Visitor: 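Before I ask anything, here is the structure I am working with.
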Amino acid sequence: MEHAIYLVTLVGTTLVVAAAFSSLIAFRFGAPLLLLFLCIGLATGVDGLGIEFDNARLAYFAGSLALAIILFDSGFGTPLNALRQAAGPALSLATIGVILTTGIFSVAASYFLKLSWLESSLLGAAVASTDAAAVFFLLRAGEIHLRERVRATLEVESGTNDPIAIFLTITLVEIIAAHANPQANVLATNLLLGFLANMGLGAVIGVLGGFGIVRLVERLNLDHGLLPIFVLTLSLMVFAAAGAIGGSGFLAVYLAGLIAGNSDIRAVTILKRFQDGMSWLAQIIMFLILGLFATPSQFPAILVPATLLGLFLIFVARPLAVWLCLIPFRLPRPEVAFVSWVGLRGAVSILLAITPLLGGLEHGRLIFNAAFIIVLVSLVVQGWTVGPLARRLGLIVPARLGPLDKVELELPGSAHHELLAYRVAPGSPVARGERIPRWARPSLVLRDGRSMRFQDMGRLAAGDQVYIFVPDRYPRLLDKLFASRAMVDPEDADFFGAFALDPARSAAELEAAYGPGLTEAEQKLTVAALVSERLGGHPEYADRVMIGPIELIVRDVDEKGRITGLGLSFEPTAPVARVPVFLSAGEIGDRVAALIRNWRGPAQRRAAEDVPIDTAAPDLDGQKAAGEG
């Protein structure tokens, strides 16, 4: 018994270490990290090194706990401004999009795998949700700086679509296991009522749990080493409590993390670091267990149809569902195309595919193997092309900041202040003489091994170490002041225009200087207000607006979304690659209106030609007289 404990521990820790080392390979070559983790699990499983692991209940239990930890960390790290910016499109994708993907995919699944319509829908529900971890690792590994709106949409969608997919999958497993064959309208009604109850209870428990976590952390004076474990345990309690009463534990734990992360919770820096590490560990464990559970020798029997289903999901089901969900929102076609492509399937899909095995379904193993192959196809086809596609669609923007050397220190006994240690980077604004804001309180400067008061140092120099007391929700202005200049790719050298333009200047001056053809109402606005109006009231970093012969580029916005920097270009950048599909509601309306005008135009001209000249003449004379008068 003792020997077995040592052996299992040795094998488990070896797999985790191998997965950690594989992340270095992924960062170096931009490979999908999840794909490497799954391959390690497959290589050590029954068809590899011979480790047998066929406990479906243990795999599902461990995977569910790991997913709860990941979702809590995802919610904790999602800022409210990202949620507000992308709430409409992302929540539409996370609810209606999952249902549409399930329905569209089930049609192909019933054809390729010869499954019943309920089993096909079950497989569709299992692969309907996206994997955020795989997507954003690729973006970080490739140093891809996406437009904020696109990034926020993908973040919020990936954090909120798992509960819906889990509910659909578990409900369909229960129906099939009970050998029920309900009519479509009865099934839709039951799913709708069950969905509302499941999500409603999960949302209530999640909100109450989030506020409860914040309140307990503030009232209990726990040691900093114990505090992160306490918060993690509370998040799992929220997850379990919601599930115990019939709610969605996954939605509850995500909302609890969202509320806790956006409150003035104590020791937020320590919590973020701990949860980041726990999230990595949870991902590694979940991916390795799912890889060990799979049996690759069973894949060849369904390799061709499952691969075709994976391609159908990538090129048909996901794009069509995304387009239908985003029609009401005026998102540019390149952004819609990118969101539809970045729908990577991952560990959640494999985890959900275990539920048919738990339910004892006849085709449970077939559904699991098909879902596993579909995930592999998604990671191989989409995982390697995220960066190139983002560049092709013009969604890459230059980085705002260059390298930043900063250390955040939590102050003992202080719930709302931090001590930041910045190293002055060469070429940073403070090194060039920019002043530090008054709300920040510099206290100490280290230079050449000597420590001095900030007031006695004079102008800061590159290499100085500056210690500053700030509120824990301090504005990111300090990061901009101490960061070095961002390295701009030569192709992006003119991305922000030839020269800067004061956003507070009057748009009338713009009309006088360049004659872009502004209306009288537009000339009464400031340039910032004009650009914001042209962008629908929601400008963001790197947005571009063509106004006659010039192009205005948003160089920066403040925390409230107001434009603080503009660039002007006389030579607009090359047009973004045209996307022939993904029309928004606004574009559809414009095209329908144009068709109506083109259709009515000839009819009106024919009607005018049919009017007798002597009848039309008095009207023209009357108009002329009125004009002269």
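Computed from a predicted model, the values in this text were never measured in an experiment.
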Visitor: Could you check if a side-chain atom of I468 sits within less than 4.5 angstrom of a side-chain atom of S443, using non-hydrogen atoms only?
Guide: no

Visitor: Would you name the heavy atoms of A94 and T160 that are closest together and state the gap between them?
Guide: CB-OG1, 3.2 Å

Visitor: Pair R534, E522 - check side chain to side chain contact (heavy atoms under 4.5 Å, CB included), show working.
Guide: CA-CA 10 Å; R534 292 289 182 97; E522 289 177 331; 3.2 Å; yes

Visitor: CG of L93 to CG of L324: how many Å apart, nearest 0.5 Å?
Guide: 11.0 Å

Visitor: What do the steps show when you test V554 against L535 for side chain to side chain contact (heavy atoms under 4.5 Å, CB included), and what is the final call?
Guide: CA-CA 11 Å; V554 179; L535 293 171; 4.3 Å; yes

Visitor: Short question: side chain of S349, backbone of R345 - any donor-acceptor pair under 3.5 Å?
Guide: no

Visitor: Determine the minimum heavy-atom distance between V322 and V339, stating which atoms define it.
Guide: CG1-CG1, 4.2 Å

Visitor: Between OG1 of T519 and CG of L525, what distance do you get to the nearest 0.5 Å?
Guide: 8.0 Å

Visitor: Hey, does L552 have a side-chain heavy atom less than 4.5 Å from the side chain of L568?
Guide: yes

Visitor: Taking side chain to side chain donor-acceptor pair (under 3.5 Å) as the test, write out the residues that go with T564, two or more places apart.
Guide: none

Visitor: So R318 and E157, salt bridge (Lys or Arg N to Asp or Glu O under 4.0 Å) or not? Walk me through it.
Guide: CA-CA 13 Å; R318 165 75 178 182; E157 180 210 1; 2.9 Å; yes

Visitor: In Å and rounded to the nearest 0.5 Å, what is the OG to CD distance from S428 to E434?
Guide: 10.0 Å

Visitor: Taking the side chain as C-beta and beyond, is there a heavy-atom pair between S340 and W323 under 4.5 Å?
Guide: no

Visitor: Just by modelled atom types, is the G88 backbone N or O under 3.5 Å from a matching donor or acceptor in the S92 side chain?
Guide: no

Visitor: Might you work through the side chain to side chain contact (heavy atoms under 4.5 Å, CB included) test for L100 and C325, ending with a clear yes or no?
Guide: CA-CA 9 Å; L100 289 175; C325 288; 4.0 Å; yes

Visitor: Return the minimal non-hydrogen interatomic distance between P163 and L251, and the atom names on each side.
Guide: CG-N, 3.5 Å

Visitor: Is there a side-chain contact between L460 and I436, using heavy atoms and a 4.5 Å cut-off?
Guide: yes

Visitor: Quick check against the 3.5 Å criterion: does R555 have a side-chain atom that pairs as donor or acceptor with the backbone of I553?
Guide: no

Visitor: For E335, which residues count as a salt bridge (Lys or Arg N to Asp or Glu O under 4.0 Å) partner, sequence neighbours excluded?
Guide: R147, R149

Visitor: At what distance, to the nearest 0.5 angstrom, does CD1 of I374 lie from CD1 of I314?
Guide: 9.5 Å

Visitor: State which residues pass salt bridge (Lys or Arg N to Asp or Glu O under 4.0 Å) with E509; sequence neighbours excluded, sorted by chain then number.
Guide: R505

Visitor: Kindly say whether L518 contributes a backbone atom to a donor-acceptor pair with the side chain of Q523 at under 3.5 angstrom?
Guide: yes

Visitor: Side chain of N262, backbone of T78: donor and acceptor closer than 3.5 Å?
Guide: yes

Visitor: Under a 3.5 Å threshold, yes or no: a donor from one side chain and an acceptor from the other, between S378 and Q382?
Guide: yes

Visitor: Can you name the nearest heavy-atom pair linking L71 to D162, along with the distance?
Guide: CD2-OD2, 3.8 Å

Visitor: To the nearest 0.5 Å, tell me how far D502 CG sits from L566 CG.
Guide: 8.5 Å

Visitor: Looking at D73 and I70, would you say the former's side chain and the latter's main chain have a donor-acceptor pair under 3.5 Å?
Guide: no

Visitor: List the atom of A431, the atom of R459, and the distance in Å for their closest heavy-atom pair.
Guide: O-NH2, 3.1 Å

Visitor: Let me confirm one number: the NZ-CZ distance from K272 to F76, rounded to the nearest 0.5 Å.
Guide: 6.5 Å

Visitor: Using a 4.5 Å cut-off on heavy atoms from C-beta on, say whether the side chain of Y467 contacts that of L446.
Guide: yes

Visitor: Taking the side chain as every heavy atom from C-beta outward, state whether T102 and V127 have any atom pair closer than 4.5 Å.
Guide: no

Visitor: Mind checking whether L379 and W384 have side chains closer than 4.5 Å, heavy atoms only?
Guide: no

Visitor: Apply side chain to side chain contact (heavy atoms under 4.5 Å, CB included) to V336 and L326, showing your working.
Guide: CA-CA 7 Å; V336 179; L326 298 184; 4.0 Å; yes

Visitor: List the atom of V207, the atom of I259, and the distance in Å for their closest heavy-atom pair.
Guide: CA-CD1, 3.4 Å

Visitor: Any side-chain heavy-atom pair from Y254 and S74 closer than 4.5 angstrom?
Guide: yes

Visitor: Any sub-3.5 Å donor-acceptor pair from R423's side-chain atoms to G463's backbone N or O?
Guide: yes

